[in-house]
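See below for the structure under consideration.
Being a predicted model, the structure only gives us computed values, none of them experimental. Every chain is numbered from 1 and lettered A, B, ... according to where its sequence line falls, protein lines coming before strand lines.
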Protein chains: 2
Amino acid sequence: MTTSDEDKDPQHFTPKRDTGCPIAFALDHFGDKWSLIIIRDLLMRGHETYGQFLQGDERIATNILASRLKHLEEAGLIHKQKNAKNRRSNVYGLTQKGLALAPVMLELVRWSANYDPNTKANPQIVARITSDREGLIKEIIQKRSGKTD
Amino acid sequence: MTTSDEDKDPQHFTPKRDTGCPIAFALDHFGDKWSLIIIRDLLMRGHETYGQFLQGDERIATNILASRLKHLEEAGLIHKQKNAKNRRSNVYGLTQKGLALAPVMLELVRWSANYDPNTKANPQIVARITSDREGLIKEIIQKRSGKTD
DNA sequence: CCTTTTAACTTGCTTTTTGCAAGTTATGTG
DNA sequence: CACATAACTTGCAAAAAGCAAGTTAAAAGG
């Protein structure tokens with residue numbers, strides 16, 4: 001982890017439901033139908049461009065994608081960088097705050113794998129959530145921490 | 001845990017986004033602004049009647065509450081029982097499938113407690129998520145498993 | 001009993017969010 | 001220089017959320 005000046009506090013983000021409840025706080029960040037899909041793409045599938053998100057399995061609409069990316073950025077979960085080599089492509093990445101959702105994501109995977117008879121969750125990963133949860137979390141976070149993170 | 005005939009498979013529920021992805025599966029169950037609040041009330045606060053949900057901190061609208069309860073029941077996360085003693089009050093409870101969200105819930109609490117400067121999360125609980133996660137999960141599940149569960 | 005409360009919803013209507021299709025702009029590419 | 005493409009934006013229709021009021025059946029009080 002290089003300590004650059006990223007992940008600065010998003011001054012502009014104030015939760016809607018300001019009750020202090022942790023669940024409500026989380027929902028204010030990603031409590032809609034698409035945000036977690038985007039976070040999944042970033043965290044589990046290595047997607048990092050607008051076009052890659054657009055072509056995900058669930059086919060998010062382009063205007064919704066734009067609005068969710070904006071919201072997630074304002075909420076401090078992701079950041080957008082210009083690609084120095086190719087100035088028309090932007091690269092999205094998870095901040096520390098976003099990467100810290102890995103444990104939540106893995107518990108969701110475990111739960112769904114357990115209750116969805118048609119799950120396509122990778123059995124090896126699912127098994128490892130139980131056998132080596134901490135190791136898996138660290139591995140994922142390391143894998144998805146860009147050099148600029 | 002008494003093994004009654006509850007928690008039967010909800011034949012009628014088919015996920016909207018049938019991609020096989022565990023995250024999408026989870027979102028089809030509770031990927032909206034209110035479902036997780038209701039599950040929180042059931043799991044962490046011991047709420048179990050319509051009126052209790054209505055009076056939660058976030059003040060869900062009554063028609064939305066009714067529709068979410070119906071959906072959660074169809075999705076097999078909760079069940080509704082008549083109260084034998086008082087026939088006009090219904091008692092809601094989590095099914096096994098719903099109780100199994102405890103780990104997800106706790107990771108959400110941990111994440112939010114960590115990133116919300118104004119969190120009201122109980123510090124003792126938060127500490128225990130790290131020090132005795134498994135024990136805490138079992139304790140919560142046991143506490144919220146009604147006799148009829 | 002008979003009136004009043006109350007729990008658990010439902011209905012009607014307005015506002016907000018989502019979704020679809022098409023259009024725009026600034027690069028990049030042959 | 002013509003064309004392709006990444007990353008959006010805009011306009012409008014459809015769906016969901018939110019608000020206020022109404023309904024129903026059962027319990028509680030007198």
Rounded off to whole Å, could you give me the CG-to-C1' distance for the B/Leu65 and D/dA16 pair?
16 Å

Within residues 77-95 of chain A or reaching into it, pairs that qualify as salt bridge (charged side-chain N to carboxylate O under 4.0 Å, His left out) - sequence neighbours excluded:
none

Is there a donor in the side chain of B/Tyr50 and an acceptor in the side chain of B/Ser89, or the other way round, less than 3.5 Å apart?
no

Atom CZ of A/Arg17 to atom P of D/dA17: distance rounded to whole Å?
11 Å

Parallel, tilted or perpendicular: which describes the rings of B/His29 and A/Trp111, with under 30° parallel and over 60° perpendicular?
perpendicular

Taking CD from A/Gln81 and P from D/dA7, how many angstroms apart are they, rounded to a whole number?
13 Å

What nitrogen or oxygen pairs link the protein and nucleotides 1-3 of chain D at under 3.5 Å?
none

What about the rings of A/Trp34 and A/Phe53, do their centers lie closer together than 6.0 Å?
no

For residues B/Ile129 and B/Leu106, report the shortest heavy-atom separation together with the two atoms involved.
CD1-O, 3.5 Å

Any chance you could list the contact pattern along nucleotides 9-23 of chain C? Use B for base contacts, S for sugar-phosphate-only contacts and - for none, protein heavy atoms under 4.0 Å, 5' to 3'.
BBBB-----SBB-B-

Any chance you could lay out the salt bridge (charged side-chain N to carboxylate O under 4.0 Å, His left out) test for B/Lys33 and A/Asp28, step after step, and finish with the verdict?
CA-CA 8 Å; B/Lys33 287 201 295 204; A/Asp28 280 338; over 6 Å; no

Determine, for A/Asp57 against A/Arg45, whether the closest basic-nitrogen to carboxylate-oxygen distance falls under 4.0 angstrom.
yes

Between the side chains of B/Asp32 and B/Arg68, is the shortest nitrogen-to-carboxylate-oxygen separation below 4.0 Å, so that they form an ion pair?
yes

Can you name the atoms? Protein N/O to nucleotides 27-30 of chain D N/O, anything below 3.5 Å, with the distance.
| unit_1 | atom_1 | unit_2 | atom_2 | d |
| --- | --- | --- | --- | --- |
| D/dA27 | OP1 | B/Arg87 | N | 2.5 |

ring-ring contact (aromatic ring centres under 6.0 Å, His included) with B/His71: which residues, sequence neighbours excluded?
B/Phe13

Determine which pairs satisfy side-chain hydrogen bond (donor to acceptor under 3.5 Å, both in side chains) with at least one residue from residues 132-143 of chain A, sequence neighbours left out, and list them in order.
A/Glu107-A/Arg133, A/Arg128-A/Asp132, A/Arg128-A/Glu139, A/Arg133-B/Glu107

